[in-house]
Structures are given as structure tokens and as C-alpha cells.
Amino acid sequence: MKMPSALPRRTDASWKLLVLAFAAVVGSFFATGVVVQRSSAAVGVLSEDIIYNSAPSIEHLALVRRSVLEVELVLARFLNEPPRRPELARELDEALARARRGLSGYMALTAFPGEEPVRMDIQESWLHFDNAVTRARTVAESNAEAGTGALFDQEIEPPGRVLLEDITRAIETNAVRGRELAERIRETRRRTLWLAVGLDGLCGILAAVVAWLLHRELQVRRALSEAHTKFLETRAEELEQFAGRVAHDIRNPLSSARMAAELALRKSPDDAARAPVRRIIRSLSRADAITGALLDFARSGARPDPGARTEPRAAIADLLAGFEAEAEQADIELSCEPVPPVLVACSTGVYLSLLGNLVRNAIKYMGDTPTRRITLQVVEEGDMIRTDIRDTGPGIAPENLPSLFEPYFRAHGTVAEGLGLGLATVKKLAEGHGGRVGVTSERGKGSTFWFELPRAGSPWETAPVPTPAAHESVHQH
């Protein structure tokens with residue numbers, strides 16, 4: 001059976017789009033971060049120009065201007081009040097020192113583009129003013145009684161006025177520069193905001209594209225999973241039908257062969273010749289029981305007979321006798337640990353089919369290991385009875401464990417004959433009777449296959465028997 005062809009397919013193009021969209025989202029995210037960082041750096045530089053240059057320049061110039069006005073006021077009193085000249089001389093020196101300190105602070109700062117001519121004018125006008133103050137003090141101190149009103153008007157006021165005008169022009173220059181820097185900061189923030197909003201919008205669109213692609217991919221995966229589930233269910237139904245057809249087709253030849261063997265047993269006079277015939281009759285009876293159980297199970301829609309009972313001890317003894325020759329030929333030691341006196345809720349044919357498939361599987365895949373042993377064990381676990389089949393074979397690769405009980409599964413590199421239906425039949429029969437199957441294995445140390453069935457008389461028998469999904473995953477070996 002082939003998988004349905006009308007299924008959505010996961011194309012390479014969709015994956016490429018998904019990867020590209022995801023990369024674009026990540027790229028937009030990082031681009032937004034870079035833009036914000038660069039904007040912050042630019043704003044930081046502009047802010048530093050205001051904080052460490054423009055604003056300090058205005059502060060220093062304001063100090064110079066205030067000090068120059070104070071010098072003029074104190075000098076005027078110094079010239080016109082001879083008795084207080086000693087006291088006023090100290091005040092004049094202090095005012096001049098403040099003016100020089102403010103001027104030195106201003107000149108120490110970096111000049112803005114176009115500010116250098118203004119700075120030179122301030123330096124020149126300050127020299128004229130400072131010299132004029134020095135001369136006026138010298139004249140006044142040399143002639144204490146001389147009139148000094150004309151001296152102040154002619155020597156001090158003109159250079160002082162020029163100096164104040166130059167300082168005012170420098171203050172205005174720095175104020176304009178500060179406004180320009182503030183405007184650039186505002187413009188930078190505005191551009192950054194719009195760019196960040198645009199990138200965020202792009203991220204949102206790309207994220208929506210990624211979400212749509214992921215949703216589409218999930219739909220494809222869901223459709224593929226549902227198709228695979230339906231495919232496995234169909235294969236399980238085919239397996240049931242196949243088992244029913246095989247059981248029906250071979251029952252008549254088995255009955256004829258057993259009747260012929262029984263007739264030969266009655267006519268054989270030699271006891272030594274009767275032993276192989278008895279073995280043939282037991283094998284044919286076991287095969288008839290298995291085929292009958294499979295046929296009944298298939299006809300009932302994979303629902304067991306609620307009144308079926310089987311004693312594992314008797315069934316195992318019968319099966320070991322049937323496999324004795326096959327095990328001896330393969331040089332395998334076949335044994336069973338003591339079986340507790342329990343009953344399981346299934347027919348003898350079903351139990352023999354479960355056990356026989358696993359024992360035959362162990363013999364088939366024993367390989368060439370030096371220690372060749374198969375051991376059966378029955379364990380009570382509450383309302384369930386577990387049957388273990390341990391072998392010393394080569395073990396099973398971990399990657400084959402999830403698919404081991406699927407119909408038609410054959411491990412890569414397997415050379416043994418078969419259709420890959422034995423373990424699938426075991427799983428279907430065990431789960432159809434309310435049980436489970438599983439396996440543990442270690443490479444080079446062998447495997448243990450097991451199946452659980454309800455104990456006969458347990459509450460499970462009075463409840464409806466669930467029909468497990470054929471594709472249910474088996475977390476076993």
C-alpha cells in the first residue's frame with residue numbers, strides 16, 4: 001500500500017522562506033539596536049558640546065562681563081575718593097583677578113567653528129582695558145589731589161565699552177551654537193524615533209510572515225501525521241484480514257495432515273517409530289489451535305473471547321517440545337524457569353501464537369554468538385501476567401526500536417527470511433486482549449521480548465475491550 005499522494009508537501013522553498021524571514025527579523029532587531037546606539041552616541045556628543053563647551057563658555061564670559069563692570073565701578077570710586085584708595089585698591093585687585101580668571105577659563109575651552117575671531121577680539125580689547133586701568137591707577141596714586149573725572153571718561157570708559165561689546169558678541173555666539181546643538185539633538189531623536197518605528201513595523205510584518213510559515217508547516221506536519229496514522233491503521237486491518245485468510249486456508253490441510261498422522265500412529269507396530277509421529281501430531285494440533293484462534297480473533301473484529309482461559313505452564317511445555325528439534329539444530333539451549341500456577345485471559349491458540357512468534361524470532365536472529373541460550377519466564381504483576389523471552393543474541397540497534405513492532409518492518413542489513421509480520425502480530429494480539437508488548441536490548445548482550453496479558457478472572461474481563469490504535473508508539477526495544 002502506498003501513502004496518499006494528495007497531501008500538502010513541505011517544500012524546500014517554504015523552509016528557505018522561513019529561514020530568510022527569521023533571519024530578517026533577527027537582522028531588523030539588530031539594526032534597530034545599532035540605530036539606537038548610533039543615535040545615542042550622536043546625542044551624547046552633541047550634549048557634551050553643550051555641557052562642556054557652550055554652557056561653560058557663557059558662564060566664563062558672564063563672569064568676565066560682571067567683573068569688568070565691577071572694575072569700572074570700583075575704579076571710578078578709587079579715582080574720585082582719595083581717602084579710601086587703599087581699601088578700594090584691594091577691591092579693584094580682586095575684581096581684576098576675577099575677570100582674568102573668567103577670561104582664562106573661556107580661552108581654555110575649544111573654539112567653535114567661526115568663534116576664533118571673536119576670541120581674538122576679546123583678548124585684544126582686554127589688553128587695552130587692563131592697560132588703561134593700570135595707567136589710571138598710576139596717575140591717581142602719583143597726584144592724589146588731581147581731578148580724575150576726565151581721566152575715567154577718556155581712558156577707561158572707551159576700552160571698557162569695546163570689551164563689553166566683544167564679550168556680549170561671544171556670549172551670543174555661544175548661545176546660538178547651543179541652540180543649534182539642541183536643535184540637532186531634537187532632529188536626531190526625531191529621525192531615530194521614526195527609523196525605530198519603521199524597523200519595529202518591519203519586524204512585526206516579518207514576525208507575522210514567520211508565524212504564517214510556521215502555521216503552514218505545522219498543518220503540513222499534522223496532515224502527514226494523520227495520513228501516516230491512517231496508513232498504519234489500514235495496514236493493521238490488512239494484517240488482520242491476512243491472518244484470517246491464512247488461518248482459514250490452512251486449517252483444512254492441517255486437519256487432513258493430523259488425521260493421516262493419527263492413522264499412521266494406530267497402524268505403526270513399533271513404539272520407536274511412533275514417537276516422531278506423536279511429535280508431528282502435537283505440532284499439527286498446536287498449529288490448528290493457533291490458526292483457529294487467529295481466525296476467531298479476526299472474525300470477532302479483533303475482540304477476544306471473554307471466557308477464554310489458558311494455563312501458561314501447559315502451553316509453554318507444549319511449545320518447548322515443538323521447538324526442541326529446531327533449537328537443537330541451531331545449537332541453542334531452550335529452557336524455562338518455573339512457571340507459577342496462573343491463568344491468562346486468552347485462548348490457548350493466541351498464547352501459543354504470541355509465544356511462538358517471539359521464540360521463533362529469537363532463534364532466527366541468534367546470529368553467531370558463542371553463548372546461545374533462550375530462556376522463558378512467567379512473572380505475576382498484579383492483575384497482569386507477563387511472559388519474558390530472553391536471548392543471548394547480538395541485540396538490536398537503538399534506532400530500530402521505535403519501528404520494531406510495525407507491520408512489514410525489516411531492520412537494515414537483515415538477511416533472515418520473513419515478511420516482517422511476526423512482531424506486528426504479537427503486538428496486535430496482545431493489545432487486542434488488553435495487554436502490552438515490549439522489549440529491552442543491549443548490543444552484544446542480547447534482548448528480552450515480553451508481552452503482558454490480563455490474569456483470568458481480573459476486572460478487565462467484565463469491561464469492554466479497547467481496540468488500541470495500530471500506530472500507537474511502543475517505547476520498547
Side-chain angles (χ1 to χ4, degrees), residues 246 250 254 257-258 261 272-273 275-291 294 312-339 348-378 386-397 400-401 404-405 408-427 429-430 437-451 476-477:
V246 170
I250 67 175
L254 286 176
R258 187 174 62 181
V277 177
R278 290 193 183 96
R279 183 180 299 173
I280 292 173
I281 292 174
R282 285 198 301 270
S283 297
L284 291 173
S285 298
R286 187 167 58 252
D288 185 64
I290 292 174
T291 54
L294 291 175
R313 181 187 299 174
I316 290 174
D318 184 35
L319 183 131
L320 291 180
F323 275 101
E324 182 179 351
E326 187 175 346
E328 183 178 352
Q329 184 179 4
D331 193 23
I332 295 174
E333 178 187 347
L334 188 59
S335 63
C336 179
E337 296 183 4
V339 180
T348 301
V350 168
Y351 191 86
L352 288 173
S353 177
L354 292 169
L355 194 59
N357 270 297
L358 295 179
V359 171
R360 184 173 293 106
N361 194 70
I363 294 174
K364 182 189 303 183
Y365 294 101
M366 180 62 69
D368 56 356
T369 55
T371 303
R372 308 173 68 78
R373 184 170 56 252
I374 299 175
T375 305
L376 279 61
Q377 183 181 19
V378 177
R386 193 184 77 212
T387 303
D388 295 342
I389 299 89
R390 299 193 301 270
D391 65 64
T392 58
I396 302 173
N400 292 329
L401 296 181
L404 204 59
F405 289 93
Y408 310 110
F409 174 77
R410 301 296 302 277
H412 179 70
T414 300
V415 296
E417 298 179 356
L419 298 176
L421 296 176
L423 295 181
T425 301
V426 170
K427 182 176 185 291
L429 286 175
V437 296
V439 63
T440 57
S441 182
E442 186 175 354
R443 295 305 298 268
K445 294 187 178 181
S447 307
T448 298
F449 284 83
W450 56 267
F451 63 87
Q476 304 133 354
H477 171 30

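Fair warning: this is a prediction, and the values are worked out from it, not measured in the lab.
Checked by atom type and distance alone, the side chain of T369 never pairs as donor or acceptor with a backbone atom of P394 at under 3.5 Å. Side-chain atoms of R372 come within 3.5 Å of backbone atoms of G367 as a donor-acceptor pair (strictly under, hydrogens ignored). Checked by atom type and distance alone, the side chain of D391 never pairs as donor or acceptor with a backbone atom of I374 at under 3.5 Å. No donor-acceptor distance shorter than 3.5 angstrom exists from the side chain of D318 to the backbone of A314, with no hydrogens or angles considered.
A search for side chain to side chain contact (heavy atoms under 4.5 Å, CB included) contacts involving R360 returns F323, E326, not counting sequence neighbours. Residues that satisfy the side chain to side chain contact (heavy atoms under 4.5 Å, CB included) test with A330, not counting sequence neighbours, are I332, I363. Listed by chain and number, the residues in a side chain to side chain contact (heavy atoms under 4.5 Å, CB included) with D388 are Q377, V379, R386, T448, W450 (sequence neighbours excluded). Shown here are the side chain to side chain contact (heavy atoms under 4.5 Å, CB included) partners of T375, two or more places apart in sequence or in another chain: S335, E337, R373, R390.
Heavy-atom minimum distance, S447 versus S441: OG-OG, 2.8 Å. Closest non-hydrogen pair, L354 versus A430, comes out as CD2-N, 4.0 Å. The shortest heavy-atom contact between C336 and I316 is SG-CG2, 3.7 Å.
Looking at Y351 and T387, their side chains do bring a donor and an acceptor atom within 3.5 Å of each other.
Taking the side chain as every heavy atom from C-beta outward, V437 and L358 never approach each other to under 4.5 Å. Between F449 and V359, the closest side-chain pair of non-hydrogen atoms is not below 4.5 Å. Side-chain contact between V339 and L376: absent, with no pair of heavy atoms (C-beta onward) separated by less than 4.5 Å. Contact of the F451 side chain with the I389 side chain is registered, since non-hydrogen atoms from C-beta on lie closer than 4.5 Å. You'll find the side chain of T392 reaches within 4.5 Å of the side chain of M366, heavy atoms only.
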